[in-house]
Structure formats: C-alpha cells, structure tokens
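Single-structure report; data block below.
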Amino acid sequence: MRYAVISDIHANLEALQATLRDISGQDVQEVICLGDMVGYYPNPNECVDLCRKHRIRCLRGNHDDAAAGICGTEDFNPVAQNALEWTIRELQEAKREWLRRLPEQLQEDHFLAVHGSPWHPYAYILNTCDAQKAFSHLSTHYEGISICFFGHTHQRAAFSFRNDEVMYIECQDGFTLQEGGCYLINPGSVGQARDGRPGASYLIFDTDSKQVEYRRVPYQLELTMQKVFEAALPQILAERLVLGY
Ligand code: ZN
C-alpha cells in the first residue's frame, strides 16, 4: 500500500492543487493530511473543499482549532494571529463545522499520524531531545506502533530509535526503514515551506518496500502572493514563499 502524507497546507490553494496533481501520478491509494489545512493564506474554503473532494484523511492542527473556535488566537505570533482573524471572518460555517469534527490523530496498522507530537498536538519535535520524548511516549502509550508521522514545524525531518539510540536521519530524497527501528517522520509543508527551498513538500510511504520518498513540487507561488496582497494579509506571508522560509 502506498500512502501520501501531506501537512500544513495553510489555505495555499496553488500549492495544494500542484501537490494533488503530483500525487495522482504516484500510484497512491490513500492521502493523509497531518493538519493545518487553513490559516496564513487566502483560500481556506477552497482548500477544505479540495481535501473533502479528494477524500483526504485530515487531522486538526492548531490553526484549524483556532479557525474553528476550539482554541483562541492569543498564543499565536502577531502575523499568524492577523491571518487567523482574517480566516475566521472568511471561513464558511460548514467548513468550520467540518474542521471541528476532525480527529486529533489517527492510527493505522503500520503507523500513528499526529499534528505536532504524540504527547500534544501543539508541541514541536525539533531536535533529538524532543524526539527522545516522543519515542518514549510512543513505547508507553502506543503498543506496536513503530512509525509516527508528524508535521507542525514545516520542515522535513526524520529521527530513528534503534539500539537505545536516537539519531537524526540525513535524508535528501528519502530513506528505507530498517527492521526493528522506530521512526518519527515529518513530510514538510505543502503551503509554507520553512526549510530554505520554495515549493510544496510531501512524502510517499510504501508499506511493502518500507521506503519513504520525499517529493518537492513547484507551483505558481506568484499567484498565491498576489492573492495575499489583494486580501490585505500580512505581506511577509507572501515574501517568505519565495525564500522557502
Ligand atoms: Zn502549520
């Protein structure tokens, strides 16, 4: 079985469309989104519609929670807060309701999928120390789960736990899972890359070959930028798309 794992779309319609086009040529049976479908960019309603149309199995992220009224916006930075207030005004009630009903995490035979971390959806896994905490949480609360996909940082990353050691996995285009290892894997962000390279990032997980393949998809970011200006969203949101940060 081949899964596409995407995350952090953030209402960037051009990025989502390009990603779904790319996925359609990859012999993928199921698409999972690790949350933050909305927030930051100007097409929250359209992105929710597209996720539903493509039957993407979506989790709720922190921006989705704020947009749906599950949490407030006070813990977000000023740019995110500004964009969230815009999103709350623009988001149609039916979309808000859909977001509200999404799960916080999902579990398959092979893996767990979360937004930020297995112990809390808003926590970040940024380094081997955070990864250590995640691995011990997995071993105590999720028996038999050896793979956890996470998002929230908008950066591709992978960590392994083998022979009592947590390692950061250097992976340009992907890697193969080793027997007996535990893994934490982040596909990067569709709508707002923060790893220094513009374009949408996602991954494909093949449960038979145990391979993880990262893919980066170029899209018309000039169009997204134009829409940011027209919606009077913070300009920095447009500028950072070019830098991939
Ligand atoms: Zn996000």
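The analysis underlying the following values was restricted to heavy atoms, covering all of them including side chains, and did not include hydrogens, waters or symmetry mates. Atoms within a ligand are numbered from 1 in the order they appear, just like the ligands themselves.
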Protein N/O/S atoms closer than 2.8 Å to the Zn ion (ligand 1): Asp8 OD1, His10 NE2, Asp36 OD2, His154 NE2
Nearest heavy-atom neighbours spanning Met37 and Cys47: O-CB, 4.2 Å
Ring geometry between Phe205 and His110 (parallel below 30°, tilted from 30 to 60°, perpendicular above 60°): perpendicular
Proximity of Tyr183 and Phe161 rings by center, below 6.0 Å: no
Under the salt bridge (charged side-chain N to carboxylate O under 4.0 Å, His left out) test, residues paired with Arg2 that sit two or more places apart: Asp206
Ring geometry between His63 and Tyr40 (parallel below 30°, tilted from 30 to 60°, perpendicular above 60°): tilted
Side-chain H-bond candidate by donor/acceptor type, Ser201 with Arg156, under 3.5 Å: yes
